[in-house]
Engineer: 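Input: one structure, supplied below.
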2 protein chains.
Amino acid sequence: MAPKSKPTIIDVARVAGVSVTTVSRVLNGGKYVSPDKLAAVQEAFDKLDYQPNLHARSLAGERAYLIGLLFDDPRGDYLSGMQRGTLLAGQKADYHVLVELLGRTGTLAQMKRLISRVRLSGVILTPPVCDHTSLLNTLVRHHIPAVRISPSSDFPGIPSVKIDDYAAATEMTRHLITLGHRKIGFIIGDPEHADARERQRAFNDALAKAGLEAKPEWVAEGGYQFSGGLTAARKILSQPDRPTAIFASNDDMAAAVIAVADEMGLRVPADLSVSGFDDTSLASAVSPALTTIRQPVEQMAMKAVEILLERISGEKPETETPVMMGTKFVRRGSTGPAPQ
Amino acid sequence: MAPKSKPTIIDVARVAGVSVTTVSRVLNGGKYVSPDKLAAVQEAFDKLDYQPNLHARSLAGERAYLIGLLFDDPRGDYLSGMQRGTLLAGQKADYHVLVELLGRTGTLAQMKRLISRVRLSGVILTPPVCDHTSLLNTLVRHHIPAVRISPSSDFPGIPSVKIDDYAAATEMTRHLITLGHRKIGFIIGDPEHADARERQRAFNDALAKAGLEAKPEWVAEGGYQFSGGLTAARKILSQPDRPTAIFASNDDMAAAVIAVADEMGLRVPADLSVSGFDDTSLASAVSPALTTIRQPVEQMAMKAVEILLERISGEKPETETPVMMGTKFVRRGSTGPAPQ
DNA sequence: CTGTTAGCGCTTTCAG
DNA sequence: CTGAAAGCGCTAACAG
């Protein structure tokens, strides 16, 4: 039961009765290898329980079988969902995942260090680092394949995966209107992010289309945070003429709206309907549970990895247009008919 | 601005006017190197913006400057807190972190594969994989340093970091008793986990010490999940003689208690006090916010990495007893005086 | 299709 | 204290 020293490609070659080159070929797709040798090699793999050494491969070749997952701060369901997706998809393709925290400052230097220390096959960029322009440029300059998830800006040459924020927010706004609400408030996320702006634009457009007014007093900014949502909700709900529904740009802020309603003695949804966005675990943990938009975060990340692997292997023409993933409207208890 | 090919140790040696061996020595601690050469090498490092290649180091040496973070499922604040801690501490020591998902089945095989593919300097084990005995044995057999976070079982030879669940749960129970509650319910987490059992033991002991009865009808199991908490809360609160306070073993289940109270028309904390454990972000997002126990998850992970690095470098005598981290009682709105 | 042979960039004996 | 040289395990030309 001693950890007999790991078999190397040489052992496999010997056992299979072929050269290391052939073994290497099998390892890398089995092209240009005769069926019988291929079988012999695979048999040797099994027999020896062989696993190629990642570092040796990286050092010798140009690929590293390592994908980098870059975060600014992997907090919250949204980001950990991305990680799960990346891990799952990476695992399926036999890639390992290196997670790296890129601080708010010195990001570029950190990236450069990372690049020269580790040979990454490619990287997945989560928000907000996916919008760090000089970082993106560095990646391009070093020919490191990358895919961006939910980017705010355009960046030619690097594919991305996102959802249709406009359509989703339109659907939510319509839902509220359909319930009879005429006075609807809105809490913006972080206006730095394109998604936040898109959601608001959809909100405004849907209101206009229904002939409703979007009162500025009913709109506030919450920065996508619970605490910001608290402030925003208080501001909106302390108006003499307050809305009967509030659409918060994410679940955290929607939860904050509920908290404020609670402290003001407003019943949700009887007196005030509240809706969120994302469908994080918080959405169903709050009472009442939030009507929200489910974002397929995990699948987005999986898709991103898929695209990344295509880029790495050099297949497929470059997809310049972002891949759009579908969202799902989720109706729960926090929204109801407008009060009389 | 072209990505000039990265400088290697040879370049550094040439620029510094020394041999690669000397450069390597500097890289590895600078022992047995004269001050002037050391300075020259360091100057060359800066000048060339040199970064040692991880794969080459791993291949040549036995260390990999890579620590493995093993998860069963990195969901939730608790686990992502561990990741943040690991990343932060790893970063500080110039280590990179490879995150690996070890499925519920085939765990051991996955671990073995990982070990033979990647040369990990050491691994951090999060619950529940930290209790996978054969996995631990494999690690030991391969001489891979490891540290366990919040393990349930004992395992000689592998250090661990945990909190004092008993003390924390005692404090919470006393808090409830001090508020005047005499009828207190309890929701157990996953009895497979030692922490869940410890929290319950503390609860029972504290009750007994105060001369209070722990009615079996007031105790239920929630598996540490929101959904389980829902069921448990309904069971407890549907008793004809129901408790005036419920201590849930974690925040998710406590949130579920609030949800159930809500649907039954019970006001929290006026009619029912609710307390949780962990102080995840959920604790402050529900209304009312949860009185809970703050677990220093991030710090625990940082401590774990610290210990791991000591093990890797072979310093320090082996610490067999688990390192205990302090918790903090956090009073919020979900608990209040017992109703008359 | 197949094998030979250089390295990839670093650590590590082993002699000075 | 210092350096020369032998690999670590694998890939990638380059010849057959």
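The analysis underlying the following values was restricted to heavy atoms, covering all of them including side chains, and did not include hydrogens, waters or symmetry mates. In what follows, every chain begins at residue 1, and chains take the letters A, B, ... in the order their sequences are listed.
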Engineer: Quick one, which residues of residues 16-29 of chain A touch DNA chain D with a heavy atom under 4.0 Å?
Structural biologist: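 Nucleic-acid contacts, sorted: Thr21(A), Ser24(A), Leu27(A), Asn28(A).
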Engineer: Check whether any side-chain N or O of Ser58(B) sits under 4.0 Å from OP1 or OP2 of dC10(C), and answer yes or no.
Structural biologist: no
Engineer: I need the NE2-C1' distance between His55(B) and dT11(D), as an integer number of Å.
Structural biologist: 14 Å
Engineer: Check this for me: does any side-chain nitrogen of one of Arg148(A) and Asp154(A) sit under 4.0 Å from a carboxylate oxygen of the other?
Structural biologist: no
Engineer: To the nearest Å, how far apart are Tyr50(A) OH and dG9(D) C1'?
Structural biologist: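 Checked: the OH to C1' distance equals 7 Å.
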Engineer: Please state how far atom CG in Leu59(B) lies from atom C1' in dT11(D), giving the value in whole angstrom units.
Structural biologist: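 In whole Å, dT11(D) C1' lies 12 Å from Leu59(B) CG.
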Engineer: Just how far, in rounded Å, is C1' of dG7(C) from CZ of Arg57(A)?
Structural biologist: 18 Å
Engineer: How long is the line joining CZ of Arg119(A) and P of dT11(D), in whole Å?
Structural biologist: 12 Å
Engineer: Between Asp49(A) and Lys112(B), does any side-chain N to carboxylate O distance fall below 4.0 Å?
Structural biologist: no
Engineer: Would you say Tyr65(A) places a side-chain N or O within less than 4.0 Å of OP1 or OP2 belonging to dG9(D)?
Structural biologist: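 So the side-chain polar atoms of Tyr65(A) never come under 4.0 Å of the phosphate oxygens OP1 or OP2 of dG9(D).
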Engineer: State, to the nearest 10°, the angle formed by the axis through the first five base pairs of the helix from dC1(C)-dG16(D) to dG16(C)-dC1(D) and the axis through its last five.
Structural biologist: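 Taking five pairs per end, the axes differ by 30°.
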Engineer: At less than 4.0 Å, is any side-chain N or O atom of Lys6(B) found next to OP1 or OP2 of dG9(C)? Yes or no.
Structural biologist: no
Engineer: When the ring planes of Tyr50(B) and Phe45(B) are compared, do they come out parallel, tilted or perpendicular, using 30° and 60° as the limits?
Structural biologist: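 It falls in the parallel class, under 30°.
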Engineer: Can you tell me how far the CG atom of Leu102(A) sits from the CZ atom of Phe71(A), to the nearest 0.5 Å?
Structural biologist: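 If we round to the nearest 0.5 Å, Leu102(A):CG and Phe71(A):CZ are 10.5 Å apart.
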Engineer: Kindly compute the distance separating CD (Gln83(A)) from CG (Leu87(A)), expressed to the nearest 0.5 Å.
Structural biologist: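 Between Gln83(A) CD and Leu87(A) CG, I get 5.5 Å after rounding to 0.5 Å.
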Engineer: So, does Ser121(B) use its side chain to make a donor-acceptor pair with the main chain of Ala64(B) at under 3.5 Å?
Structural biologist: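 Answer holds: yes.
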Engineer: Between dA4(D) atom P and Arg14(B) atom CZ, what is the distance in whole Å?
Structural biologist: 14 Å
Engineer: In whole angstroms, how far is the C1' atom of dC10(D) from the CD1 atom of Ile10(A)?
Structural biologist: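 One finds 9 Å between C1' of dC10(D) and CD1 of Ile10(A), rounded.
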Engineer: If you assign Pro52(A) and Tyr32(B) each to the DNA chain D nucleotide with the nearest heavy atom, which residue ends up on the more 5' nucleotide?
Structural biologist: Tyr32(B)
Engineer: Are Arg25(B) and Tyr32(B) linked by a side-chain donor-acceptor pair shorter than 3.5 Å?
Structural biologist: no
Engineer: Measuring from the side chain of Ser34(B) (C-beta onward, heavy atoms only), which nucleotide among dC1(C), dC10(D), dC1(D) has the closest atom?
Structural biologist: dC1(D)
Engineer: Are Lys162(A) and Asp195(A) within salt-bridge range, i.e. N to O under 4.0 Å?
Structural biologist: no
Engineer: Establish, with yes or no, whether the OP1 or OP2 oxygen of dC1(D) is under 4.0 angstrom from a side-chain nitrogen or oxygen of Lys31(B).
Structural biologist: no
Engineer: To the nearest angstrom, how far is Asn53(B) atom CG from dG7(C) atom C1'?
Structural biologist: 14 Å
Engineer: Run the salt bridge (charged side-chain N to carboxylate O under 4.0 Å, His left out) test against Glu298(A) and tell me which residues pass, sequence neighbours left out.
Structural biologist: Arg84(A)
